[in-house]
Amino acid sequence: MSDAAQPSAAEVRAAAEAVKAALDRHLDAVERRSGQDDPAVYAAFDELAAAAEVYDELLYDTYDEVTPFEIPGSDALPAYAGPEEPSALSVLIRRDYTVAEPQRLLHQAQRVADLDPDAADEAAGSGADAAAVVGTSVHAALGVLFGEFEPDEIASRHKEFGLEEGDSTLWVAAADDPAEPGEWLSAPFDQADPQRVVCRFDVSAVFDEELGDDDDLDAPDRGR
């Protein structure tokens, strides 16, 4: 950061005062809350988080110091800017897996290849040894299994295939018009626009960790 853009000590002090004021407003909203999901508490929480983030950044830029506070992140989508009555939709899905048991994966793929040699040819390349390759190559085995089974079936039976689930997300995005056949196949995810997302559904072990084993499942979650 250049000297011209360097925040002044007065700006840092003003940001600190803003945090103090936001902290008072948050406590006041909590003390006056009308219920578990009082919007005033949510608004005061967001205001406090924003003020703390500004202060933290100015403090670091000016004095190379940090606060002991963790500013909660957010995966909230931006405001919806798509059509009010969508006539076309795109459903974008991402599911992460790790290959937890390679031998189980290879065994299951080999079973498929033994029953359907064409599946082995597509995954490992045509040839007399294609079926054998499937039983020894994780790369080829993945091609066989994901070519044979629907993604939802893989998700529901992932342990059978030696896979372990990671995070997943599903976005339902509005489109102005249906896409032409083959229009986006070369780059299927390049045009994903968060402002067109009607709704999204996320699954992650981190959510369970945040709740904790003994926490109330109905407790409000401010960090997501």
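Because the structure is predicted, anything quoted here is derived from the model rather than measured. Keep in mind that the numbers below use all heavy atoms, side chains included, and drop hydrogens, waters and symmetry copies.
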Fill in: D176 side chain reached by R196 side chain, heavy atoms, under 4.5 Å
yes

Worksheet item: When clusters are formed by joining ILVMFWY residues with side-chain heavy atoms under 4.5 Å apart, either directly or through shared neighbours, do V41 and L23 land in the same one?
Response: no

Worksheet item: Hey, quick one: are V99 and V112 part of the same hydrophobic cluster, counting side-chain heavy atoms closer than 4.5 Å, chains of contacts allowed?
Response: yes

Fill in: Side-chain donor/acceptor of S90 to backbone N/O of V172, under 3.5 Å
no

Discussion item. Treating Y63 as the side-chain partner and V66 as the backbone partner, does any N or O pair qualify as donor plus acceptor under 3.5 Å?
Written reply: no

Worksheet, complete the sentence: Interatomic distance, CZ@R25 vs NZ@K20, rounded to 0.5 Å, equals 13.5 Å

Response to the item:
E148 and D116 have their tightest heavy-atom pair at OE1-OD2, 4.0 Å

Worksheet item: Considering all heavy atoms of both residues, which atom of A88 and which atom of P178 are nearest to each other, and what is their separation?
Response: CB-N, 3.7 Å

Worksheet item: When you look at OH of Y60, are more than 12 heavy atoms from neighbouring residues, nucleotides or ligands closer to it than 6.0 Å?
Response: no

Item to complete: Give a yes or no on whether F189 and V197 share a hydrophobic cluster (residues Ile, Leu, Val, Met, Phe, Trp, Tyr; joining criterion: side-chain heavy atoms under 4.5 Å apart).
Response: yes

Worksheet item: Which value, rounded to the nearest 0.5 Å, describes the distance between T98 atom OG1 and E164 atom CD?
Response: 4.0 Å

Item to complete: State, with a plain yes or no, whether a side-chain heavy atom of D28 is found less than 4.5 Å away from one of D24.
Response: no

Worksheet item: How many angstroms lie between CG in L106 and CD in Q108, if you round to the nearest 0.5 Å?
Response: 10.5 Å

Discussion item. Counting neighbours of CZ on R94 that are heavy atoms of other residues, nucleotides or ligands and sit closer than 6.0 Å, is the number greater than 12?
Written reply: no

Worksheet item: Which heavy-atom pair separates T169 from R200 by the least distance, and what is that distance?
Response: OG1-NH2, 3.7 Å

Item to complete: Using salt bridge (charged side-chain N to carboxylate O under 4.0 Å, His left out) as the criterion, list what pairs up with R111, not counting sequence neighbours.
Response: none

Discussion item. Between R13 and L58, is the side-chain contact (heavy atoms from CB on, under 4.5 Å) condition met? List the steps.
Written reply: CA-CA 9 Å; R13 174 63 61 180; L58 290 175; over 6 Å; no

Discussion item. With a 3.5 Å distance limit and no angle check, can you tell me whether E11 reaches the backbone of S8 through a side-chain donor-acceptor pair?
Written reply: yes

Discussion item. So R95 and D152, do their side chains get closer than 4.5 Å, heavy atoms only?
Written reply: yes

Practice prompt. For residues V19 and A51, report the shortest heavy-atom separation together with the two atoms involved.
Written response: CG2-O, 3.4 Å

Discussion item. Hydrophobic clustering (ILVMFWY, side-chain heavy atoms < 4.5 Å, transitive) - are L89 and I93 grouped together?
Written reply: yes

Fill in: Shortest non-hydrogen separation from P83 to A175 and the atoms involved
CG-O, 4.2 Å

Discussion item. Using every non-hydrogen atom in the two residues, find where A15 and Y55 come nearest and quote the distance to one decimal.
Written reply: CB-CA, 3.9 Å

Worksheet item: Linking I/L/V/M/F/W/Y whenever any side-chain heavy atoms sit under 4.5 Å apart, do F201 and V91 land together?
Response: yes

Worksheet entry | Straight-line distance of E53 CD to L48 CG, nearest 0.5 Å | 11.5 Å

Response to the item:
Interatomic distance, CD1@I154 vs CD@E160, rounded to 0.5 Å, equals 9.5 Å

Worksheet item: Do F161 and Y97 make the cut of ring centroids closer than 6.0 angstrom?
Response: no

Worksheet item: Distance from L105 atom CG to L142 atom CG, nearest 0.5 Å?
Response: 5.0 Å

Worksheet item: Is E183 atom CD crowded by more than 12 heavy atoms from other residues, nucleotides or ligands, each under 6.0 Å away?
Response: yes

Discussion item. Is it true that, when you exclude E17 itself, more than 12 heavy atoms of the residues, nucleotides or ligands shown sit nearer than 6.0 Å to its CD?
Written reply: yes

